[in-house]
Amino acid sequence: MSHSHADLVLTGGPVHTVDPVLGRATSVAVRDGRIAAVGHDEVRELIGPGTEVVDLAGKMLLPGFQDAHVHPLVAGVELGQCHLAEAHEAGDYLRLVRAYADGHPGAEWITGGGWSLGAFPGGTPTAALLDGVVGDRPVFLPNRDHHGAWVNSRALELAGITRDTPDPADGRIERDADGNPTGMLQEGALHLVDRLLPPVTAAERAAALLRAQGVLHSLGVTAWQDAIVGDYANMTDPVSAYHALIADGLLTARVVGALWWDRDRGAEQIPELVERRAAVSRGRFRATSVKIMQDGIAENGTAALLGSYLTACGCASGNSGISFVDPAALAKHVTELDALGFQVHFHALGDRAVREALDAVAAARSVNGFRDTRHHLAHLQVVHPDDVARFRVLGATATVQALWAAHERQMDELTVPFLGPERAALQYPFGDLLRSGATLAVAAGSDWPVSSPDPFQALHVAVNRRTPDAPEGTPVFLPEQRVDLAAAIAAYTAGSAYANHLDDTGTVTPGKLADLVVVDRDPFAGPPERIAATRVLQTFVGGVRVYAAPDA
């Protein structure tokens with residue numbers, strides 16, 4: 001061990017290294033932003049007069065978490081607007097909307113969002129409900145997953161949406177029996193209204209991203225993949241906000257940006273993506289991924305399935321969802337992007353979208369050979385058993401949103417009845433993916449603001465397959481797909497680091513960057529039902545403290 005003094009030593013608590021060789025330790029030394037030593041009492045020899053010593057006092061040290069699929073700018077903007085994500089019932093949403101409107105009398109539009117589909121019959125709230133609380137100004141509130149929006153009559157009127165307005169090719173206007181719009185817009189129909197929204201200013205964007213970074217650091221997240229970099233629906237292109245933070249020395253996280261693939265265009269956009277990758281990458285922000293949204297979501301019948309959805313009566317509906325990019329074209333595009341060194345980040349929920357994405361990766365592998373492009377598929381709600389082993393064979397990463405793999409209203413009322421029992425049993429097959437040998441290639445993400453950005457909430461569900469607040473007696477959701485805590489933490493650290501090409505992060509290993517998190521307990525030592533109660537006390541990026549809990 002080199003005996004030049006460390007800048008920082010963390011000692012006196014369990015260190016979960018996520019390094020299969022090192023295993024557990026009790027002390028870590030940091031020098032020049034990197035991990036200098038991992039071990040036990042011998043590491044304390046590196047403490048000198050200028051060394052900061054953190055006494056873990058029995059609390060656990062882990063590698064920093066990495067969120068492989070997140071939308072921080074959108075989340076930060078929503079936190080500063082009419083923020084609905086903390087509520088769960090229709091009445092609470094309406095009270096919050098009214099309170100926000102009353103508190104912002106000068107706001108031209110009432111916008112924000114974060115409501116849950118499960119709070120409304122069929123997942124479709126109405127304009128009439130909103131009209132009762134805000135009638136004088138337009139209201140546009142995306143739901144938690146941003147695949148739909150709830151609007152009031154004033155918004156429909158301003159957008160010119162009537163019974164005669166046709167559905168856009170990639171979306172749907174929900175209507176009553178007479179064909180009149182009811183106030184819910186699905187997928188591409190959002191654009192009919194969101195194009196009218198006042199733009200978020202550059203200063204507001206930078207402030208929102210800084211706000212979101214603070215939230216993520218407070219939850220132990222040290223790096224992430226921004227899952228949409230570009231203009232999409234009501235999401236503002238975050239590049240200028242990242243650049244503003246970088247210019248002011250305020251971007252402390254490590255970020256990979258996934259450049260948005262415009263599904264209304266084809267291969268002609270690839271040279272623009274190459275140009276944009278070079279133009280926008282700087283500092284700790286690298287735009288080396290391309291995001292292709294291959295389908296929608298199951299709750300509104302737009303996730304792409306191999307068979308058709310069922311109707312409320314349990315009959316075949318004739319609708320099997322939407323493949324936004326023609327599968328043959330997808331294979332060509334992915335092959336070209338792969339040859340140019342891009343990672344492709346797929347949104348794939350339904351079993352057909354998953355298969356189309358894997359087929360595209362297979363096409364790229366057969367033409368280009370195996371390149372270190374680390375393509376990854378996010379969401380993976382329904383995966384056909386024949387496709388599980390293909391992740392390992394193709395070197396494709398499964399990026400899971402573990403928090404969704406549980407019984408709750410959105411699952412039990414809006415998803416399971418319309419998938420039917422056979423397909424519903426194929427949802428979120430984390431255990432099968434790990435058992436198939438895809439161990440190194442399982443990453444984790446939150447999809448915040450779609451769901452909580454707290455890694456311990458997701459880890460809790462990965463292990464228990466029940467939400468932390470599940471009422472007594474709630475059944476375990478597909479118990480055979482539970483994974484152990486070590487595997488779940490590895491996905492949220494080393495797995496996501498792999499997906500992000502951040503190979504000198506993800507484990508507590510000598511020589512790697514000192515991206516570390518201190519939590520208030522050893523979650524392995526307590527009952528699995530208490531994992532979600534774990535709290536972050538300190539977060540370090542490159543050995544620099546970027547978060548300390550007020551009481552830490």
Side-chain angles (χ1 to χ4, degrees), residues 84 88-94 97-98 110-111 113 115-196 233-234 295-305 307-322 324 350 409-420 423-424:
L84 304 177
H88 303 285
E89 303 296 336
D92 295 330
Y93 293 142
L94 292 169
V97 173
R98 185 192 291 275
I110 305 300
T111 189
W115 54 275
S116 172
L117 293 165
F120 299 97
T124 54
T126 64
L129 284 172
L130 279 178
D131 295 343
V133 293
V134 184
D136 60 330
R137 288 171 284 169
V139 181
F140 177 84
L141 297 168
N143 63 347
R144 203 164 286 183
D145 55 39
H146 285 257
H147 288 262
W150 180 18
V151 296
N152 68 351
S153 296
R154 184 79 183 112
L156 290 170
E157 184 188 329
L158 285 172
I161 299 173
T162 68
R163 60 176 298 165
D164 300 320
T165 306
D167 286 344
D170 61 347
R172 184 171 73 245
I173 300 164
E174 296 291 354
R175 305 170 194 267
D176 64 18
D178 297 323
N180 298 304
T182 57
M184 179 69 189
L185 306 173
Q186 306 282 15
E187 299 292 345
L190 273 71
H191 306 324
L192 301 173
V193 173
D194 70 24
R195 61 189 172 80
L196 304 175
N234 59 310
D295 67 343
I297 58 170
E299 292 85 353
N300 67 7
T302 58
L305 299 179
S308 74
Y309 286 89
L310 303 182
T311 61
C313 68
C315 321
S317 68
N319 168 43
S320 59
I322 304 173
F324 287 126
R409 280 190 307 197
Q410 199 157 306
M411 172 64 73
D412 295 340
E413 296 170 16
L414 300 180
T415 305
V416 170
F418 303 97
L419 290 178
R423 275 183 308 212

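Atom set for the values below is all heavy atoms of this structure, side chains included, hydrogens, waters and symmetry mates excluded. One is the number of the first residue; the rest follow in order along the sequence.
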W150 side chain to T126 main-chain N or O, any donor-acceptor pair under 3.5 Å?
yes
Any I322 side-chain heavy atom under 4.5 Å of D170 side chain
no
Determine whether L185 and I173 satisfy the following criterion, side-chain contact (heavy atoms from CB on, under 4.5 Å), listing intermediate values before the conclusion.
CA-CA 5 Å; L185 306 173; I173 300 164; 4.1 Å; yes
Nearest 0.5 Å, what's the CG-CD1 distance between L192 and I161?
4.5 Å
Closest approach of R172 to A189 (non-hydrogen atoms, all atoms of both residues)
O-CB, 3.5 Å
Those residues at least two apart in sequence (or on a different chain) that pass salt bridge (charged side-chain N to carboxylate O under 4.0 Å, His left out) with R154 are E157
Would you mind telling me which of Q410, H147, M411 makes a side chain to side chain contact (heavy atoms under 4.5 Å, CB included) with E299?
Q410
Hey, does the side chain of N152 reach the backbone of L130 with a donor-acceptor pair shorter than 3.5 angstrom?
no
Contact check, side chains of M184 and F120, non-hydrogen atoms, under 4.5 Å
no
Non-hydrogen side-chain atoms of E413 and L117 separated by less than 4.5 Å
no
Any side-chain donor-acceptor pair under 3.5 Å between E187 and T302?
yes
So, the side chain of R137 versus the backbone of I110: is there a donor-acceptor pair under 3.5 Å, distance only?
no
Would you name the heavy atoms of F418 and R423 that are closest together and state the gap between them?
O-NH2, 3.8 Å
Quick one: do L190 and H146 satisfy side-chain contact (heavy atoms from CB on, under 4.5 Å)? Show the steps, please.
CA-CA 9 Å; L190 273 71; H146 285 257; 5.7 Å; no
Has the side chain of Y309 got a donor or acceptor atom that lies under 3.5 Å from a matching backbone atom of N300?
no
Check whether any side-chain heavy atom of L141 sits under 4.5 Å from a side-chain heavy atom of L84, and report yes or no.
yes
Nearest heavy-atom contact between D194 and F140 is CB-CZ, 3.7 Å
Heavy-atom closest pair (W115 atom, A149 atom, distance to 0.1 Å) is CZ2-C, 4.4 Å
Heavy-atom closest pair, residues G350 and D295
N-OD2, 2.8 Å
Can you tell if the side chain of D167 reaches within under 4.5 Å of the side chain of R175, non-hydrogen atoms only?
yes
Measure across G420 and L310 and return the closest heavy-atom pair with its distance rounded to 0.1 Å.
CA-CD1, 3.6 Å
For residues 311-320, which residue pairs qualify under side chain to side chain donor-acceptor pair (under 3.5 Å), counting only residues two or more places apart or in two chains?
S320-R352
